[in-house]
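These numbers were taken from a predicted model, which means no experiment stands behind them. All values below come from the heavy atoms of this structure, side chains included, with hydrogens, waters and symmetry mates left out. Lettering of chains follows the sequences in order, A, B, ..., and the numbering in each one begins at 1.
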Amino acid sequence: MPKKILIIDDDPVIVKYLMAVFSDNGYETCSAGSSMEGLELVKKEKPDLICLDIQMPGEWGPRFYRKLRKDKEVKGIPIIVVSGIDGDHAVKDAVAFVKKPFDPEKLIGIVKNTIG
Amino acid sequence: MDNKLLLVDDEEGIRKVLGISLADLGYEVLSAENGEEALEIFRRENPPIVLTDIKMPVMDGIELLRKIKDENPDTEVIMITGHGDMELAIKSLKYRAIDFVTKPINDDILEIALGRAHEKIHMRQKLRDYTENLEALVAEKSAQLVEIERQVAVGQAVEGLASMLRNLAGDLEGGLAYFNEMPCFVSIHNPKLEIVAVNQLYTERLGDKVGRGSWEVYQGKTGTRAKCPAAVTFKTGKGQRTKASIKYAGGQEAPVIVHTAPIRNQSSEVELVVEISADITEVKRLQEELRQTQQRYQQLFDEVPCYISLQDRQYRLLAANRQFNDDFDVELGAYCYEVYKHRDEPCPNCPVAKTFEDGRSHQSEMVVTPKSGEQNNVLIWTAPIKNAAGKITRVMEMSTDITEIRELQDHLSSLGLKIGSISHGIKSLLAGLDGGVYLVESGLSKDDPDRVKEGWEAVKTIVSRIRKLVLNILFFAKERELKPEATDVLNFAFDVAASVESKIKAAGVELDCDFDTDQGEVQMDAGVVRLALINILENALDACIEDLAKKSHRIGFSVKPADKHIIFEVSDNGIGMDRETRESLFTLFFSSKGNKGTGLGLFIANNIIEQHGGKIKVESKPNRGSSFRITIPK
């Protein structure tokens, strides 16, 4: 059964891009365009990995990240942060902090190392 | 040499024979037959040598010897004794006879005795000469020494005077090294109207004149022996002040002012005259130079864009430059802290106080209140000012207004933050472009036209976002000057609507235009106002697209004339804004759109409208929609 990745990003272009990259490498994907939607989907879809942008309208990225981390149902799920801002210090226990623009092969490498 | 000889003997035969022998020896012989007669001749002729028999009537030889030696000790007396008169002979030696010869007289022995007498006379003469010469020599050398001493003393006096003048000049000019340049010729003259001593400058400019006539350096009437300043001073005994013309060693002439002063000895006769000549042209040049220097200092003091003041230990202002006077209510004698900061007591950490304490310069930054009432940041430097004794009596304070620098610093640091935030927007755009390219490429290789189409749409979206960002940045980067011209408002509104209509309709949003037909013209820079309105309309569209709650969206765009204004209104039923967003709406780089916004659009729109003297008013409620009211004066 393929592993599932949840993409949370407000930019539909980036969402499409990431979905294509992940599915081309054999992963199942789902996506959310906002933090609120993201939180709902985590519970509904139970992804194996979350790919999160920390710069979105609404809640401040790092704060949302901490909220996700504290949530019982999300706790064990590894998170890769993909963002255009420098903020790795704010999301310390993330699996990786990938800066935009990113190399898709490198991103896949990290995903493979994390969930196989 | 005196060759007289007195021969005394009572025997005539001996007188004759001996007289002939003595005459042969070259003597002028005087003769006497007894002591009395001999003494008489001796007193008259004063012969240097006396030859006398001892045994004679009336007055014997011994008696004669004693009297002669009494009257003239330099006379040499030779005694003639008979055979066996040894006792008498010895007695005569006691009375300082030079020698004795015994009868019968041997010529050789007589000659020896005479030789001894002569030698003694010669020795005595020589001794006397020596003694007298030595005295003369001592007198001569002493005179020379005295003269040298006098010259040394005069030289020292001149040097002392010069150094005193130098010190004086130093005190007056705060150490300006003008003295060496001062055209002051100092010379000392003696009553023979000879120059005795001069200062160094005199020798350098006028030549080595020591020992020459006092009048020689002067031209015309002053250049004569009788009329030169030194001569007049010796004659009148009074100091002179006169104008004259002097001749330099190089031959050129220059006008001088000559001062003289008599120097009197203990008996108050004028012994020496001090003469000081100053080159007038040179003095004038120096005066002019000094005046200009002072003027330059004053100018600098007044013109520097700083506040400069001089303060005493009580922080009272003793001097203030023009800038200080212009910006503050300066009253000399007022306290620095009153004038600068309207305080009643000295400021804590006052740099002037520190400088009075340790004699060093101090720096500090303070906020002061000038006449205008604004609060200004100033950077203050202090410097100690010492009196001749090295004690700090004043402190100079210089302050520079750095308010603008501080503001610029704040502005720059916020700009730095904001440029940081814009750069991550660009990174997101690049990532999006990568995404579009990836989709197109992978779609092509998989022969999946849907994916290619999707990718191409992504590329187009990103490209349009990049265009918007770049245009906004270019606009922001350029300080534009408005070019207002009469613009037909209705045409203008239609033009704006047409620019955005297709985009709005493509998004499935309705554009509702309501233009009052009778608008007339308004003075504005149509190009930039159009940009501002399009920006606001595009924001309205974004707000509608974001809003997923409502089924249909519309954007209203209207233009209405008011009293002296034109009012554009853009309204939408999109997502609306909370208060925080509404309030920071026009801030540079504020964006509520996450990756999609640049934070430039409304900032620029607001600037454009304000430049036209207009206003943008915003009403908005979350989930209900927003309304932008743009007012531009006619």
Side-chain angles (χ1 to χ4, degrees), chain A residues 7-27 29 31-38 40 51-65 80-91 97-108, chain B residues 417-418 420-446 448 450-466 542-543 545-549 575 577-578 580-581 590-599 622:
Chain A
I7 299 156
I8 308 176
D9 198 309
D10 68 311
D11 187 343
V13 173
I14 299 292
V15 170
K16 271 179 199 159
Y17 179 23
L18 288 172
M19 281 173 84
V21 170
F22 291 145
S23 60
D24 287 353
N25 284 278
Y27 296 102
T29 57
S31 72
S34 72
S35 39
M36 286 289 287
E37 196 188 339
E40 279 169 27
C51 189
L52 172 72
D53 180 14
I54 53 164
Q55 188 201 11
M56 288 191 295
E59 199 157 13
W60 184 54
R63 191 183 299 144
F64 174 63
Y65 173 85
I80 295 176
V81 175
V82 178
S83 180
I85 58 169
D86 296 326
D88 44 353
H89 59 277
V91 290
F97 191 93
V98 179
K99 276 192 196 170
K100 290 178 187 173
F102 53 84
D103 177 358
E105 286 189 14
K106 229 179 197 171
L107 182 63
I108 288 300
Chain B
L417 277 177
K418 284 159 180 176
S421 80
I422 201 171
S423 77
H424 66 244
I426 291 170
K427 286 176 195 162
S428 296
L429 288 175
L430 290 176
L433 211 53
D434 281 350
V437 171
Y438 179 88
L439 289 170
V440 171
E441 271 180 357
S442 60
L444 285 173
S445 68
K446 283 176 202 263
D448 180 348
D450 283 347
R451 188 183 264 206
V452 172
K453 202 179 165 196
E454 214 173 35
W456 187 241
E457 285 302 322
V459 169
K460 284 206 288 189
T461 308
I462 298 291
V463 166
S464 88
R465 274 195 229 158
I466 290 174
D542 286 342
I545 294 171
E546 284 289 312
D547 180 36
L548 304 171
I575 49 171
M577 293 174 281
D578 56 22
E580 193 191 338
T581 307
F590 173 83
S591 176
S592 63
K593 299 181 198 170
N595 287 326
K596 283 173 265 172
T598 62

_Non-neighbouring partners of A:Tyr17 that pass ring-ring contact (aromatic ring centres under 6.0 Å, His included), sequence neighbours left out_ =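 A:Tyr17 satisfies ring-ring contact (aromatic ring centres under 6.0 Å, His included) with A:Phe102, B:Tyr438 once adjacent residues are dropped.
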
*For the residue pair A:Ile14 and B:Ser428, what are the closest heavy atoms and their distance?*
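Scanning both residues, the minimum pair turns out to be CD1-O, 4.1 Å.
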
*If you look at every heavy atom in A:Val13 and B:Ala458, which pair is closest and at what distance?*
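Smallest interatomic distance, heavy atoms only, reads CG1-CB, 3.7 Å.
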
Distance, nearest 0.5 Å, that separates [atom1] of [X] from [atom2] of [Y]:
X        : Y        : atom1 : atom2 : value
B:Leu548 : A:Glu37  : CG    : CD    : 8.5 Å
A:Lys16  : B:Arg451 : NZ    : CZ    : 12.0 Å
A:Lys100 : B:Leu429 : NZ    : CG    : 9.5 Å
B:Thr461 : A:Asp11  : OG1   : CG    : 9.0 Å

*Could you give all pairs that pass the salt bridge (Lys or Arg N to Asp or Glu O under 4.0 Å) test and reach residues 436-445 of chain B, with sequence neighbours left out?*
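Sorted result for residues 436-445 of chain B: empty, none.
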
_chain B contact via A:Val82 - which portion, at a heavy-atom distance below 4.5 Å_ =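 Contact with chain B: none, neither part.
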
*Can you say whether B:Leu433 sits under 4.5 Å from chain A via the side chain, the backbone, both, or neither, judging by heavy atoms?*
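Contact with chain A is absent: no heavy atom of B:Leu433 under 4.5 Å.
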
_Salt-bridge criterion met for B:Lys446 and A:Asp24 (N-O under 4.0 Å)_ =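 A salt bridge is present here (some side-chain N lies under 4.0 Å from a carboxylate O).
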
*Among B:Leu430, B:Val437, B:Val459, who wins on heavy-atom pairs under 4.5 Å with chain A?*
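Most heavy-atom pairs within the cutoff with chain A belong to B:Leu430.
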
